[in-house]
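One structure is given below, encoded as structure tokens.
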Protein chains: 2
Amino acid sequence: MVTLAEVARHAGVSASTVSYVLSGKRSISAATRERVEQSIRELGYHPNAGARALASSKSNIIALMMPLRTDMYMPVMMEIALAVATTARAHDHDVLLLTGEEGPAAVRRVVGSGLADAMILMDVELDDARLPLLRESERPAVLIGIPADPGGLTCVDLDFTATGALCVEHLAELGHRDIAVVGEAAAVYERHTGFAERTRDGLRARAAELGVRLLHRPCEGSYAAMAGTLSRILDERPDTTAFIVQNEAVIDPLLSLLRQLGKAVPEDVSVVAICPDQVAVQASVRLTSVAIPAHEMGRRAVELVMAKARGEKDDLLDLLPPRLTVRASSGPAPVPR
Amino acid sequence: MVTLAEVARHAGVSASTVSYVLSGKRSISAATRERVEQSIRELGYHPNAGARALASSKSNIIALMMPLRTDMYMPVMMEIALAVATTARAHDHDVLLLTGEEGPAAVRRVVGSGLADAMILMDVELDDARLPLLRESERPAVLIGIPADPGGLTCVDLDFTATGALCVEHLAELGHRDIAVVGEAAAVYERHTGFAERTRDGLRARAAELGVRLLHRPCEGSYAAMAGTLSRILDERPDTTAFIVQNEAVIDPLLSLLRQLGKAVPEDVSVVAICPDQVAVQASVRLTSVAIPAHEMGRRAVELVMAKARGEKDDLLDLLPPRLTVRASSGPAPVPR
DNA sequence: CAGGGTTATCGAAGCGCTTCAACTGGAAGG
DNA sequence: CCTTCCAGTTGAAGCGCTTCGATAACCCTG
């Protein structure tokens with residue numbers, strides 16, 4: 001491996017000069033810079049990451065902690081992760097992928113060893129065991145999701161409360177008075193992952209305000225589960241004219257089942273989904289939906305954590321406003337027969 | 001941060017002794033070991049990753065290069081990534097997440113800087129620009145997928161040729177003589193990602209051997225695309241009695257469309273999918289399928305790359321044999337009217 | 001009990017980089 | 001013309017760890 005010292009010799013300057021050319025932390029004459037850069041290119045020099053980390057006590061690595069579960073919608077997680085990785089590169093950082101498996105120990109390990117300069121946590125639960133450690137660690141950290149007590153921490157998330165409200169509003173405006181919500185799997189609520197509960201709260205609050213009847217049911221991610229949930233919903237509320245779906249896995253099944261029941265979308269029932277745009281446009285009916293801005297969330301998380309590392313940002317709650325796109329699956333409530 | 005020197009002082013031994021306790025590379029008396037370990041615990045010591053990497057020229061990091069595309073089935077990628085991460089931890093390594101974005105430059109950077117000890121590449125194309133670099137880098141590397149020339153490289157993958165063959169065999173045994181294959185999006189074939197083409201080859205070869213008529217059509221991942229593809233298939237081959245699907249995204253749409261056409265599964269048409277088991281059991285009909293062993297692939301990739309790092313393994317092609325699980329979507333070919 | 005082999009420990013020399021204090025030569029200012 | 005200043009450069013001191021060779025204490029064997 002080529003070292004900085006060899007580059008220095010090749011360029012006829014001292015090691016520190018090469019270092020300053022690389023970091024730009026001191027002024028270097030154009031001629032010298034050019035010569036050094038030339039040597040770097042010729043020798044194919046790459047700074048040694050370990051040496052750099054040791055000398056500067058900065059690793060230029062961001063740790064990203066992902067959930068290990070499979071009951072969450074993976075594509076969203078994946079898209080966030082990829083957005084984090086590409087945005088991090090734009091800031092000259094790399095991403096270390098941690099799974100939730102190790103739990104709080106992973107935080108301790110990464111922070112203690114100086115492996116990463118900063119952390120981004122996904123799938124944060126309301127009362128997350130990793131948070132106390134994070135608070136006392138003094139490392140920049142950003143959560144994707146919102147815990148019960150976000151004090152002292154920076155969080156990014158879609159404003160799910162507003163998302164719920166927005167869905168209800170849209171349908172209420174179209175005249176729907178009986179709305180059913182197909183939620184995430186029961187386990188997601190039991191685990192107290194905030195987003196599902198916040199969505200439900202937003203839905204309920206708005207529904208109450210607008211005088212809309214709301215039925216909220218969790219649903220596992222399979223066709224069979226959707227079939228069961230649907231028949232129970234229609235049993236309890238035969239006058240349901242609209243569905244709001246928050247479990248991406250059952251969107252197709254729901255549309256398929258409605259078709260089998262002879263219910264046309266949107267003429268007989270309207271459907272609004274909370275899902276990535278891609279899913280919404282690939283369904284059998286182009287779905288009116290509130291997008292989950294996965295890419296944006298990942299990007300923001302990195303921007304925020306970098307800003308914190310530079311000491312620029314205070315702790316804050318970065319709630320992305322939901323945007324509802326009207327497509328072909330929602331329409332005026334049918335006239336009651 | 002607590003350093004090794006402080007631990008040494010606290011335990012009343014030299015720094016090197018602490019180091020040897022940690023690494024186990026020299027024998028240490030039980031009494032000393034105990035004392036050192038006690039000090040480590042009391043002080044909450046964590047070895048500094050950078051210093052370690054510098055001194056030992058091993059970072060204990062595996063780089064995982066993922067595709068950035070969204071036309072591949074993300075959950076499989078994600079599951080592989082998670083399996084890689086957890087298996088790596090079991091070998092006391094961490095995972096650095098790279099996206100394909102940087103292309104070959106990422107290989108150069110990571111190898112050159114000593115950031116990672118080893119690499120795992122996903123989504124390898126037949127003629128992948130990263131491979132020459134990898135070969136000359138002398139770092140242990142494992143590909144998930146198989147390039148045109150795997151010489152000098154270790155590869156892990158599902159045996160997609162055998163997978164294709166297996167699907168055809170199963171259906172042929174059931175008496176099907178006209179089989180349609182719904183493949184990946186056209187872009188996947190054009191990019192020459194080997195797996196899609198290998199599957200097709202396996203399908204065709206076996207079909208020819210068994211005297212089965214095969215129609216192979218690529219298909220984008222949307223309901224509308226599936227509808228178009230299906231009608232074209234049935235136009236060209238009205239006698240089609242079985243479908244093999246390799247694009248997870250259109251499994252639900254296909255089943256839904258068949259239902260609409262009044263074709264019962266498996267009485268009128270059989271369906272075999274190539275997809276993760278989870279997808280197969282969550283569909284409206286429990287699908288006969290060949291599983292994509294994502295977790296196993298990720299795990300194997302790490303095991304192999306670790307073995308290479310220890311100098312234990314030669315280059316090889318680790319083809320996982322496909323396993324077909326018969327569920328409710330395949331049955332005897334209907335008697336021609 | 002001398003000689004050889006183990007076992008347990010230590011000291012010191014780096015690993016390749018960053019960064020600080022110090023130095024130099026020339027431009028600017030009085 | 002001498003001081004002051006600053007841009008440009010350097011040498012040297014670490015950063016916290018691993019590892020090699022040396023040492024000392026011990027146990028065996030003949």
Side-chain angles (χ1 to χ4, degrees), chain A residues 1-37 39-40 43-61 92 94 109-117, chain B residues 1-40 43-61 92 94 109-117 309:
Chain A
M1 282 293 86
V2 186
T3 68
L4 182 143
E6 299 176 50
V7 173
R9 199 173 326 124
H10 186 273
V13 297
S14 74
S16 39
T17 301
V18 177
S19 177
Y20 287 125
V21 167
L22 252 24
S23 68
K25 292 191 178 175
R26 290 221 179 159
S27 47
I28 297 286
S29 71
T32 308
R33 164 176 300 111
E34 186 45 54
R35 204 143 34 85
V36 170
E37 279 167 354
S39 298
I40 290 178
L43 301 179
Y45 168 70
H46 285 272
N48 179 299
R52 231 173 204 197
L54 177 57
S56 66
S57 43
K58 305 203 302 107
S59 63
N60 274 34
I61 289 181
D92 194 30
D94 273 294
R109 188 170 62 83
V110 166
V111 163
S113 67
L115 231 186
D117 297 335
Chain B
M1 284 292 88
V2 186
T3 69
L4 181 143
E6 299 176 49
V7 173
R9 198 173 326 125
H10 186 273
V13 297
S14 75
S16 42
T17 301
V18 177
S19 179
Y20 287 124
V21 167
L22 251 25
S23 70
K25 292 192 179 173
R26 286 208 182 168
S27 47
I28 296 286
S29 70
T32 307
R33 164 175 299 110
E34 186 44 54
R35 205 142 34 84
V36 170
E37 279 167 353
Q38 176 66 22
S39 298
I40 289 177
L43 301 179
Y45 168 71
H46 285 271
N48 178 301
R52 233 174 202 196
L54 177 56
S56 66
S57 43
K58 305 203 302 107
S59 64
N60 275 34
I61 289 181
D92 194 30
D94 274 294
R109 189 169 61 84
V110 166
V111 163
S113 67
L115 231 185
D117 298 333

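Convention: sequence-line order gives letters A, B, ...; per-chain numbering from 1. From a predicted model like this one, the values you see are computed outputs, not experimental measurements. What you see below is based on every heavy atom in this structure, not just the backbone, and it leaves out hydrogens, waters and symmetry mates.
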Over all heavy atoms of both residues, which pair between A:Ala51 and B:Leu54 is shortest? Give the atoms and the distance, please.
CB-CD1, 3.7 Å
List the atom of B:Leu22, the atom of B:Pro47, and the distance in Å for their closest heavy-atom pair.
CD2-CG, 4.4 Å
Between the opening five pairs and the closing five pairs of the helix from C:dC1-D:dG30 to C:dG30-D:dC1, how far apart are the helix axes, to 10°?
40°
Pairs touching residues 7-27 of chain B that satisfy salt bridge (Lys or Arg N to Asp or Glu O under 4.0 Å), sequence neighbours left out
none
Not counting sequence neighbours, which residues clear side chain to side chain donor-acceptor pair (under 3.5 Å) with [X]? List them please.
X: B:Ser113; answer: none
X: B:Ser19; answer: none
X: B:Arg109; answer: A:Asp94, B:Glu102
X: B:Gln38; answer: B:Arg41, B:Glu42

Can you name the side chain to side chain contact (heavy atoms under 4.5 Å, CB included) partners of B:Ser14, sequence neighbours left out?
B:Ser16, B:Thr17
For A:Ala11, the side chain to side chain contact (heavy atoms under 4.5 Å, CB included) test, sequence neighbours excluded, returns A:Val13, A:Val36, A:Ser39
For A:Gly12 and for B:Ser23, locate the closest nucleotide of DNA chain D by heavy-atom distance; then report the residue assigned to the nucleotide nearer the 5' terminus.
A:Gly12
Of all pairs that satisfy side chain to side chain donor-acceptor pair (under 3.5 Å), the ones with a partner from residues 43-54 of chain A, not counting sequence neighbours
none
Once you round it to whole Å, what is the distance between P of C:dC17 and CG of A:Asn60?
14 Å
When rounded to whole Å, the CG to C1' distance for the pair B:Leu115 and C:dC17 reads 14 Å
DNA chain D contacts made by residues 25-39 of chain B, counting heavy atoms under 4.0 Å
B:Lys25, B:Arg26
Compare side-chain N and O positions of A:Thr17 against OP1 and OP2 of D:dT10 and report whether any pair is under 4.0 Å apart.
yes
Heavy atoms under 4.0 Å is the rule here; annotate nucleotides 11-16 of chain D 5' to 3' with B where the base is hit, S where only the sugar-phosphate is, and - elsewhere.
B--BBB
